[in-house]
2 protein chains.
Amino acid sequence: MNTELSNFKHYINNLVSMDDSTFELAKEFLKIERIAKGDDFITQGKVCNKIAFIISGLLKIYYLKDGNHVNTCFCAENSIASSFESFTNQTVSQESIEALEDSTLIVISKSALDKLYQLHSKWQEVGHKMVEKECVRLSARVQTLGFDSALEKYKALIENQPHIIQRVPIQDIASYLGVSRETLSRIRSKIVKH
Amino acid sequence: MNTELSNFKHYINNLVSMDDSTFELAKEFLKIERIAKGDDFITQGKVCNKIAFIISGLLKIYYLKDGNHVNTCFCAENSIASSFESFTNQTVSQESIEALEDSTLIVISKSALDKLYQLHSKWQEVGHKMVEKECVRLSARVQTLGFDSALEKYKALIENQPHIIQRVPIQDIASYLGVSRETLSRIRSKIVKH
DNA sequence: GAAATTTTGTGACAAATGTCAATTGACGCT
DNA sequence: AGCGTCAATTGACATTTGTCACAAAATTTC
């Protein structure tokens, strides 16, 4: 548990500076959860009442459109995964979160997080920063998804999350970029030839 | 000033319940700013150090891509306008905000807002909620922009912000939806005939 | 109110991307 | 090695959307 916690601590300290005793407050609320490849962390149709810090592994967030998976996000080690809107508003989640690799997560429940917020305002600040970060990520995504060509979108992905290309099936990447699997395949072969 | 403030108060109370005395704390930090149609509220290349609540009028947020305006958001009365990333991180803004109509704004500076946060944690909560709201908006936008057809995007706009159609030139709407002016024009004529 | 400017609509064509079908390639299983 | 399964590639063609040119309509300016 302790080696796993240190990665989490690093992540937190990157958002706000926090002394050890404040960090310790969180310990009693955290649980380790392991998800096998292919299994759900969050399931569409339920209320999402937990948020995960990813120790190792890789998850995808997706929703269903006309029966197909539409991937909205890949979440890799040292980042956060949750169904954001469902978690904050405690509404039914429109999306599922599934493990693309065997994954180990540090999980905190909504109710535990609310308690933690009460214990120390520093943790509130953490929550605030996390949401801000998510906002910035989404803004960038709006720009590429909405206004860039398929090629530009693929290049942006290589730029921002190069490891994803290696670890995720091409069909999942295509869905994430909002293009067909075939189009992405053609883009790749063009790039390779260069 | 007071009639204008009451709209702002309503907006705040919709995010968190707040008693009058806490609301009053803000008064000394607020300024009224009027922007004529066509003028900038925020200019690309500068650090955005203010955030506006819109009393009346309409603004668009845009950035330049290959010399063209790309509209990322329309902000109408009773909502907030700012260059979010620039404001929170105090970095140079990639986007400008321009008035599409003569507009009246309640403006608070970054430094004033930070002071207000110190005065009462309730105001911090307001800030937190505002960011959360922005996140939810952006998520919805990622879905339509990235994965819906031009027709679906236009229908979604009619659904969510019907007044925009009446008030904004079609070329600005096209840019907002990530389609060409001509394509949007054709979509409209199809819908009318039905 | 006429002229000038801007915005919008429409046709013809081009480019980008999607769809369908068939093929190839990778990988595990026996 | 051979088989089966699934993922990825490729070709042919359809559809969507973009681009360019120009006309019509609306708006602004004088």
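Below, chain A is the first sequence line, B the second, and so on; all start at residue 1. These numbers were taken from a predicted model, which means no experiment stands behind them.
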Could you tell me whether A:E33 and A:K50 have a side-chain N and a carboxylate O separated by less than 4.0 Å? yes
Between residues 161-173 of chain A and DNA chain D, which residues have a heavy-atom gap below 4.0 Å? A:P169, A:I170, A:Q171
Between A:E132 and A:H128, do the side chains contain a donor N or O and an acceptor N or O under 3.5 Å apart? yes
Output the rounded distance in Å from CZ (B:R188) to P (C:dT7). 14 Å
Pairing of A:K65 and B:E152 as salt bridge, 4.0 angstrom limit: yes
Could you list, one pair per line, each protein nitrogen or oxygen that sits under 3.5 Å from a nitrogen or oxygen of nucleotides 28-30 of chain D, together with the distance?
none

Below 3.5 Å is the cut-off: list the nitrogen or oxygen pairs between protein and nucleotides 13-18 of chain C, distance only.
{"residue": "C:dT17", "atom": "OP1", "partner": "A:A150", "partner atom": "N", "Å": "3.0"}
{"residue": "C:dG18", "atom": "OP1", "partner": "A:S180", "partner atom": "N", "Å": "3.4"}
{"residue": "C:dG18", "atom": "OP2", "partner": "A:S180", "partner atom": "N", "Å": "2.9"}
{"residue": "C:dG18", "atom": "OP2", "partner": "A:S180", "partner atom": "OG", "Å": "3.2"}
{"residue": "C:dG18", "atom": "OP2", "partner": "A:T183", "partner atom": "OG1", "Å": "2.7"}

With sequence neighbours excluded, residues passing ring pair (Phe, Tyr, Trp, His ring centres under 6.0 Å) with A:F41: none
Could you check whether B:E24 pairs with B:K27 (Lys NZ or Arg NE/NH1/NH2 to Asp/Glu carboxylate O, under 4.0 Å)? yes
Taking the side chain as every heavy atom from C-beta outward, state whether B:I106 and B:I54 have any pair of such atoms under 4.5 Å apart. no
Based on the rotation axes of five pairs at each end, what angle does the helix from C:dG1-D:dC30 to C:dT30-D:dA1 bend through, to 10°? 40°
Looking at residues at least two apart in the chain, or sitting in another chain, which of them share a ring pair (Phe, Tyr, Trp, His ring centres under 6.0 Å) with A:F74? A:Y176
Can you tell me if B:S93 and B:Q44 form a side-chain donor-acceptor pair at under 3.5 Å? no
Salt-bridged, B:K155 to B:D148, with N to O below 4.0 Å? no
For the pair B:K9 and B:D20, find out whether any cationic side-chain nitrogen is under 4.0 Å from an anionic carboxylate oxygen. yes
Salt bridge or not between B:D102 and B:R34? Use side-chain N to carboxylate O under 4.0 Å. no
In this structure, how many angstroms lie between the C1' atom of C:dT19 and the CG atom of A:D66, rounded? 14 Å
Between B:L100 and B:L59, is any pair of side-chain heavy atoms under 4.5 Å apart? no
Would you please classify the geometry between the A:Y63 ring and the B:F147 ring as parallel, tilted or perpendicular, with 30° and 60° separating the classes? perpendicular
